Every structure is written in C-alpha cells, then in structure tokens.
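Residue numbers begin at 1 in each chain, while the letters A, B, ... track the order of the sequences. Because the structure is a prediction, the values reported are computed rather than measured.
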2 protein chains.
Amino acid sequence: MATTALPSVTRVADPMTPVGERLAQTASELFYARGIRAVGVELIAADAGTTKKTLYDRFGSKDALVALYLRRRAERWQTRALQHLAEHPEPGAARVLAVFDALAGWLDEQWRGCAFVNAYAEIAGTDHVALPVVRAEKAWMRQLFTALAEEAGLDDPQDLGGQLHLLYEGAIVALTAGDVHDSVGIARDAAARLVAASPRLTR
Amino acid sequence: MATTALPSVTRVADPMTPVGERLAQTASELFYARGIRAVGVELIAADAGTTKKTLYDRFGSKDALVALYLRRRAERWQTRALQHLAEHPEPGAARVLAVFDALAGWLDEQWRGCAFVNAYAEIAGTDHVALPVVRAEKAWMRQLFTALAEEAGLDDPQDLGGQLHLLYEGAIVALTAGDVHDSVGIARDAAARLVAASPRLTR
DNA sequence: AGATAACCATACCGGTGGGTATACTCGGGG
DNA sequence: CCCCGAGTATACCCACCGGTATGGTTATCT
C-alpha cells in the first residue's frame with residue numbers, strides 16, 4: 001500500500017546561449033507543426049536566423065535537438081497541469097476532472113495533438129535517443145492519475161489511474177486524428193462516471 | 001432517435017495485377033513497420049522483387065500507395081472485428097467487451113500500434129490523399145461503439161459510444177508509446193464499468 | 001595580450017528522396 | 001500478324017538530406 005506521490009515536473013534547464021535558445025524554440029515549433037523527418041536542419045537554422053554550423057556547435061546532432069524538443073514540451077505541459085491542479089486543492093473527483101480541464105485549454109493551442117505520440121510514430125523501432133523521453137512522459141501521466149485516485153481515497157488507485165490515463169490519451173487522439181471536436185468533454189464525462197462508480201476505501 | 005446501424009466493412013478490392021499485389025503488400029509492411037517517410041519507393045520496389053517503373057505504372061505516386069495501404073488495413077481490421085462480433089450474437093455488454101477482445105488479439109501481431117494514428121502524425125496539416133482515410137477509420141470505430149451501445153438498450157448510446165471509443169484509442173496508444181503491456185485489459189475493465197453504470201433505456 | 005567561446009558565411013560531401021525516360025521481353029486477343 | 005498491357009532493366013533528373021570543413025568576426029575573461 002505504498003503511497004503514490006504526485007509526480008513533480010521533469011526539469012530540463014540546460015543553460016542555453018541566446019542563439020541556441022532561438023534554435024531550440026524554432027525547432028520545437030517546426031517539429032510539432034510538420035513532424036520530425038519533414039523538417040531539415042537547414043530550415044531550422046534559417047528560420048532561427050542562424051546557420052547549420054551554429055546548430056551543430058550547440059546540439060551536436062538533429063537527434064539531440066529532437067530529444068530536447070520533447071523534454072521541453074513535457075516540462076511545459078507538466079508545469080501547466082500541476083498549476084491547474086494547485087487551483088483545485090480539495091482532494092476528490094474534482095481534482096481528477098481538473099486534469100481534463102487543463103487538457104482542454106492546452107489543446108486549444110496545440111492543434112497537432114500529442115507531440116510524444118507523433119514522435120513515437122516516426123522513431124519507434126529505432127534506438128533514437130528521444131524514445132525514453134516519450135516513454136517517460138506517458139509514465140508520468142499515468143502516475144499523475146494514479147496519485148489523484150489515491151488522494152481521493154478510492155479503491156484500487158492503480159487500476160483507476162490506468163483507466164483514467166487511457167481516457168486522457170484517447171481524447172487527444174480522437175480530437176486530432178478522429179476530428180472529434182468535443183473529445184475532451186467526452187473523456188471528462190467518462191472519467192466522472194468511473195470515479196463515481198469506484199468504491200471508496202473503507203478506512 | 002434514429003437507429004445507428006452496425007457499420008459494414010469499408011471495401012477496397014480494386015482488381016490488382018500479380019506484381020501490383022506484391023507491391024501493395026510489401027509497401028504495407030514497410031510503411032507500418034518503419035513509417036511512411038522513412039520508406040522510399042526504391043526500397044518498396046526492390047523488396048517486392050520489381051522496379052520503380054512498375055510501381056509507378058500501377059499506382060502513379062507514392063501518396064496513392066500510402067492511401068491504398070491505409071484503406072486495406074482498415075478493411076482487414078474491420079473484417080476481423082465484425083467476425084469476432086458475429087461469434088457473440090447476444091446483445092448487451094458482452095458484445096461491447098468483445099471488441100476489446102478482438103483488439104487484444106489484433107495487437108498481439110501489430111506491435112507498431114495504430115497505423116492511422118501513425119500516418120496522421122506524418123501527414124497532418126497537408127492535403128495528403130490519405131487524410132480522409134484516417135478520419136473515416138476513426139469515425140467507423142466510433143459508430144461501431146455507438147451501435148453496440150444502442151443495441152444493448154442503453155441510454156444515450158451516442159455519449160457512451162464516444163466514451164468507449166476513447167478507451168479503445170487510448171489503449172492502443174498506451175500499449176505502444178506508453179509501454180503499458182496490459183492496456184487493452186485495462187480498457188476492457190473500464191468499458192465494463194461504464195456499461196454497468198449506464199442507465200438502461202426505459203422501454 | 002592571449003585565449004576562448006559564441007557566432008556568421010559559405011562551400012562541400014556522399015547518400016537518398018520522388019519521379020521520369022528509354023528500350024527491351026513476353027503473352028494473349030483482335 | 002500485330003498490337004498492347006504487364007513486366008524488366010537501367011540510367012537519369014534535380015532537390016534535399018544530415019553532417020563536416022574552412023575561415024572569419026566579435027566580446028569576454030584571465
């Protein structure tokens with residue numbers, strides 16, 4: 001019956017030179033909007049107003065830049081989710097649903113869906129350095145839901161957390177690939193039902 | 001209160017020359033295993049034991065071959081799902097859960113996850129001819145779950161069908177990108193809970 | 001003053017991308 | 001008999017890929 005703690009933000013925060021920072025941001029936008037293989041290092045450098053030379057001086061390889069892109073995205077989303085949770089401090093179902101509210105806001109700006117799923121589609125089956133970053137982000141979300149279920153004093157928080165996680169992932173996929181405009185709302189409703197139907201822990 | 005019919009298989013079945021057939025199958029395997037952009041037409045032709053010339057004589061472009069690949073995959077999975085459902089004819093929760101059983105079997109062989117989600121990650125934001133194929137597959141699955149919910153005599157089959165669909169999508173993503181080995185079982189449990197908690201239609 | 005790090009500009013490398021062109025063989029149907 | 005569709009073989013096109021090389025200009029720190 002080990003307590004599952006709320007996960008903390010996966011920090012990146014390598015100190016970055018100004019041009020390096022611009023490169024990282026430009027790469028992030030391009031990778032997310034068009035995909036990894038579709039974006040060449042030449043384009044990244046040009047859009048960032050610099051040259052390939054500087055890009056390779058800073059990051060060493062395109063793959064490293066891809067990994068950084070994903071690590072930073074994880075940090076941004078996790079920060080946002082935890083911030084949103086901090087505004088709903090009372091344990092219980094409301095806190096679980098707050099994650100879906102945070103997701104809805106996030107996806108208003110992120111029309112290309114889950115960067116990690118998209119990246120996985122392009123790098124699965126290889127030994128790409130970004131692969132563990134994808135895995136870690138999914139594990140983080142699952143742990144978040146499990147911790148919230150435990151917080152709420154529900155039975156089998158592992159099971160319920162896993163189920164909530166699936167709704168979260170499904171909502172993102174359905175919204176983008178499936179064009180289901182209200183997928184996050186649907187996931188939220190399902191989550192509410194699951195939590196309501198979950199037996200409370202006899203303490 | 002229109003009745004949502006069980007969707008029928010989306011057929012493809014263009015008559016295909018022998019070498020064309022071999023090309024289509026080879027392309028299918030390569031695209032699924034390595035991704036669309038990662039596979040060149042030269043490799044497809046060589047693996048199929050023929051030449052680029054024949055490939056372009058049959059299909060006209062790589063994009064058309066990609067669209068065919070997805071259309072055929074949809075046909076295969078839909079056939080399999082409906083076959084599995086035919087073995088569970090009694091309406092009710094068991095028929096909903098049977099879809100997840102079919103998925104579990106399917107994913108035992110399909111280790112690279114959802115071909116449509118993967119393809120979407122590579123072609124979203126373009127006007128690729130395969131984009132409607134992806135959308136159609138997701139709509140098909142959603143309709144399937146809605147029809148099964150209606151069959152079972154449950155209230156709000158649209159809502160419940162949408163929720164079940166999210167579990168289905170989430171299970172595939174979590175299994176592959178998230179490395180959650182039992183994701184389909186978790187989704188099945190959640191689906192059972194949702195159906196059990198759903199009010200029956202007063203008839 | 002010298003060293004070092006950050007940055008810019010440009011040219012280059014081999015490899016590969018999708019797609020086309022040419023020229024040939026073979027089997028069947030009018 | 002001749003044409004045509006299917007297929008083979010090979011060479012070619014240009015554009016772009018990730019990555020490297022060379023050489024130069026600043027600003028900062030010791």
Side-chain angles (χ1 to χ4, degrees), chain A residues 13-70 118-119 121-123 125-131, chain B residues 13-70 118-119 121-123 125-131:
Chain A
D14 334 59
M16 202 46 61
T17 65
V19 181
E21 182 59 39
R22 239 163 53 217
L23 276 165
Q25 271 171 14
T26 306
S28 196
E29 289 161 18
L30 287 172
F31 285 150
Y32 184 67
R34 307 190 197 175
I36 293 170
R37 295 192 95 108
V39 172
V41 289
E42 187 85 58
L43 175 65
I44 296 171
D47 267 29
T50 181
T51 64
K52 268 202 289 186
K53 176 66 159 54
T54 302
L55 188 154
Y56 277 92
D57 282 350
R58 291 293 137 260
F59 304 102
S61 74
K62 182 185 180 178
D63 286 355
L65 196 50
V66 170
L68 179 65
Y69 147 62
L70 291 175
N118 293 346
E122 296 198 70
I123 68 179
T126 72
D127 58 348
H128 198 290
V129 289
L131 218 38
Chain B
D14 335 57
M16 200 54 54
T17 64
V19 182
E21 182 59 37
R22 239 163 54 218
L23 276 165
Q25 271 170 14
T26 306
S28 197
E29 289 161 18
L30 287 171
F31 285 150
Y32 183 67
R34 306 189 197 176
I36 294 171
R37 296 193 95 106
V39 172
V41 288
E42 187 85 57
L43 176 65
I44 296 171
D47 267 29
T50 180
T51 64
K52 268 202 288 186
K53 176 67 160 52
T54 303
L55 188 154
Y56 277 91
D57 283 350
R58 291 292 137 259
F59 303 102
S61 73
K62 182 185 179 179
D63 285 356
L65 195 51
V66 171
L68 179 65
Y69 147 61
L70 291 176
N118 293 347
E122 297 198 70
I123 68 180
T126 71
D127 59 348
H128 199 289
V129 289
L131 218 38

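Side-chain contact between A:T17 and A:T54: absent, with no pair of heavy atoms (C-beta onward) separated by less than 4.5 Å. Using a 4.5 Å heavy-atom threshold, the side chains of A:L55 and A:T50 count as separate. Counting heavy atoms from C-beta outward, B:V19 and B:R58 have side chains that stay 4.5 Å or more apart.
Contact annotation: B:T51 side-chain N/O to D:dG7 OP1/OP2 distance is not under 4.0 Å. B:R58 has no side-chain polar atom (N or O) that falls below the 4.0 Å cut-off from OP1 or OP2 of D:dG5. The shortest distance between the side-chain N/O atoms of B:T50 and the OP1/OP2 oxygens of D:dT8 is below 4.0 Å.
For the pair A:L23 CG and C:dC8 C1', the computed distance is 12 Å after rounding to whole Å. If you measure from atom CG of A:L55 to atom P of C:dA6, you get 15 Å, rounded to the nearest angstrom. One interatomic measurement links the two molecules: NZ of A:K53 to P of C:dC12, which rounds to 17 Å at whole-angstrom precision. The CG-P distance, from B:D63 to C:dG17, rounds to 15 Å in whole Å. The nearest whole Å value for the distance from the CD1 atom in B:I44 to the P atom in C:dT16 is 16 Å. Separating the OH atom of B:Y56 from the C1' atom of D:dA9 is a distance of 17 Å, rounded to the nearest angstrom. At whole-Å resolution of the value, CD1 in A:I36 and C1' in D:dG18 are 15 Å apart. If you take CD of B:E42 and P of D:dA9, they are 13 Å apart, rounded to a whole angstrom.
Take the nearest nucleotide of DNA chain C for A:D57 and for B:A38: the residue whose nucleotide is more 5' is A:D57. Sequence order on DNA chain C of the closest nucleotides to A:P18 and B:L43 puts A:P18 first from the 5' end.
Nucleic acid contact class of A:R37 (heavy atoms, under 4.0 Å, all strands): none. Contacts of B:G49 with the nucleic acid, taken as non-hydrogen atoms under 4.0 Å apart, involve only primed sugar atoms and P, OP1 or OP2. In this structure, B:T54 reaches the bases: a heavy-atom distance under 4.0 Å links it to at least one base atom across the strands shown.
The number of heavy-atom neighbours closer than 6.0 Å to CD of A:E42, taken from other residues, nucleotides and ligands shown, is 12 or below.
Pairing each heavy atom of A:V41 with each of A:Y56, the nearest pair is CG1-OH, 3.8 Å.
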